[in-house]
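Counting begins at 1 with the first residue of the sequence.
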Amino acid sequence: MRIMVRPHQLPARIAAGAFVLNAGLTMAAAGADNAVAVHGMAANAYPFLKHIEPERFSHWLAKGQIAVGAALLIPVVPSLLAGAALTAFAGGLVGLYLRTPGMRQEGSLRPTQEGLGIAKDIWLVGIGASLVAEELSRA
């Protein structure tokens, strides 16, 4: 088995991967009330999601989180692929933060107390983008 990750990438991949995998496993185990809440917030930010049933949306979101988390944690998954997946996933979270009223202080990118939980996910974008940039610069 060939390792597709450089040793210095491991801390970032493990930190982000464990965080995202845990979020996916938690969401997969959550009930219908949680699915409705998560779907409502997502559909408010991304209106095209309104047509998807909340439990179906939550199910697929959990599967996506589990897949991204696992890709980061499994060292045979190339860093370019794992980083691109993380960047796309985290970009959606940042978009949710930017589009949801009440998440940011008025006229600012600074989070409100309610937005802090999502705003902090910008570190996931940074990790994903760093993995992608490093791999593309080596090509």
Requested in this report: Quick one: closest heavy-atom pair of G69 and V20, and the distance?
Outcome: N-CG1, 3.8 Å
Query raised in the report: Which heavy atom in V125 sits nearest to a heavy atom in G91, and how many Å separate them?
Result: CG2-N, 3.9 Å
Query raised in the report: Distance only, no hydrogens: is a donor on one side chain within 3.5 Å (strictly under) of an acceptor on the other, for E53 and H59?
Result: no
Report task. Starting at CG of L10, measure out to CG of L73 and round the result to the nearest 0.5 Å. Result -> 10.0 Å
Query raised in the report: To the nearest 0.5 Å, how far apart are CZ in F89 and CG in L61?
Result: 6.0 Å
**Report entry** Any side-chain heavy-atom pair of L98 and L109 under 4.5 Å
**Finding:** yes
Query - Side-chain heavy atoms of L21 within contact of L25, under 4.5 Å - result: yes
**Report entry** Heavy-atom pair with the smallest gap, counting every atom of V132 and T87
**Finding:** CG2-OG1, 4.4 Å
Query raised in the report: Do I127 and F19 come within less than 4.5 Å of each other through their side chains, counting heavy atoms only?
Result: no
Query raised in the report: Taking atom NZ of K50 and atom CD1 of I52, what is their separation to the nearest 0.5 Å?
Result: 12.5 Å
**Report entry** side chain to side chain donor-acceptor pair (under 3.5 Å) contacts in which one or both residues fall within residues 88-105, not counting sequence neighbours
**Finding:** none
Report task. Might you work through the side-chain contact (heavy atoms from CB on, under 4.5 Å) test for Q113 and M103, ending with a clear yes or no? Result -> CA-CA 8 Å; Q113 191 61 38; M103 294 283 161; over 6 Å; no
Query raised in the report: Any donor and acceptor pair, going by atom type alone, linking the side chain of H39 with main-chain N or O of N34 inside 3.5 Å?
Result: no
Query raised in the report: How far apart are the closest heavy atoms of L96 and A45, and which atoms are they?
Result: CD1-CB, 3.4 Å
Report task. State plainly whether one hydrophobic cluster holds both V68 and Y46, where clusters connect Ile, Leu, Val, Met, Phe, Trp and Tyr through side-chain heavy atoms under 4.5 angstrom apart. Result -> yes
Query raised in the report: Side chain of K120, backbone of G117: donor and acceptor closer than 3.5 Å?
Result: yes
Query - Within-4.5 Å side-chain heavy-atom neighbours: L131 and R6 - result: no
Query raised in the report: Quick check: are there more than 12 heavy atoms from other residues, nucleotides or ligands sitting under 6.0 Å from CH2 of W60?
Result: no
Report task. Treat each ILVMFWY residue as a node, draw an edge where side-chain heavy atoms are under 4.5 Å apart, and state whether I14 and W123 are in one component. Result -> no
Query - Heavy-atom closest contact (G24 atom, I66 atom, distance) - result: C-CG1, 3.7 Å
Query raised in the report: With a 4.5 Å heavy-atom cut-off, do M27 and K63 have their side chains touching?
Result: no
Query raised in the report: Taking C-beta and beyond as the side chain, do F57 and V36 meet within less than 4.5 Å on heavy atoms?
Result: no
Requested in this report: Compare every heavy atom of A16 with every heavy atom of L86, then report the nearest pair and how far apart it is.
Outcome: CD2-CB, 3.9 Å
Show me the side-chain donor-acceptor pairs of residues 75-83 shorter than 3.5 Å, one per line, residues at least two apart or across chains.
from	atom 1	to	atom 2	distance (Å)
S79	OG	Q9	OE1	2.6
S79	OG	R13	NH1	2.8

Query raised in the report: Do T112 and L116 come close enough that some side-chain heavy atom pair is under 4.5 Å?
Result: no
Requested in this report: Calculate, to the nearest 0.5 Å, the distance between atoms OG and CD belonging to S130 and E135 respectively.
Outcome: 11.5 Å
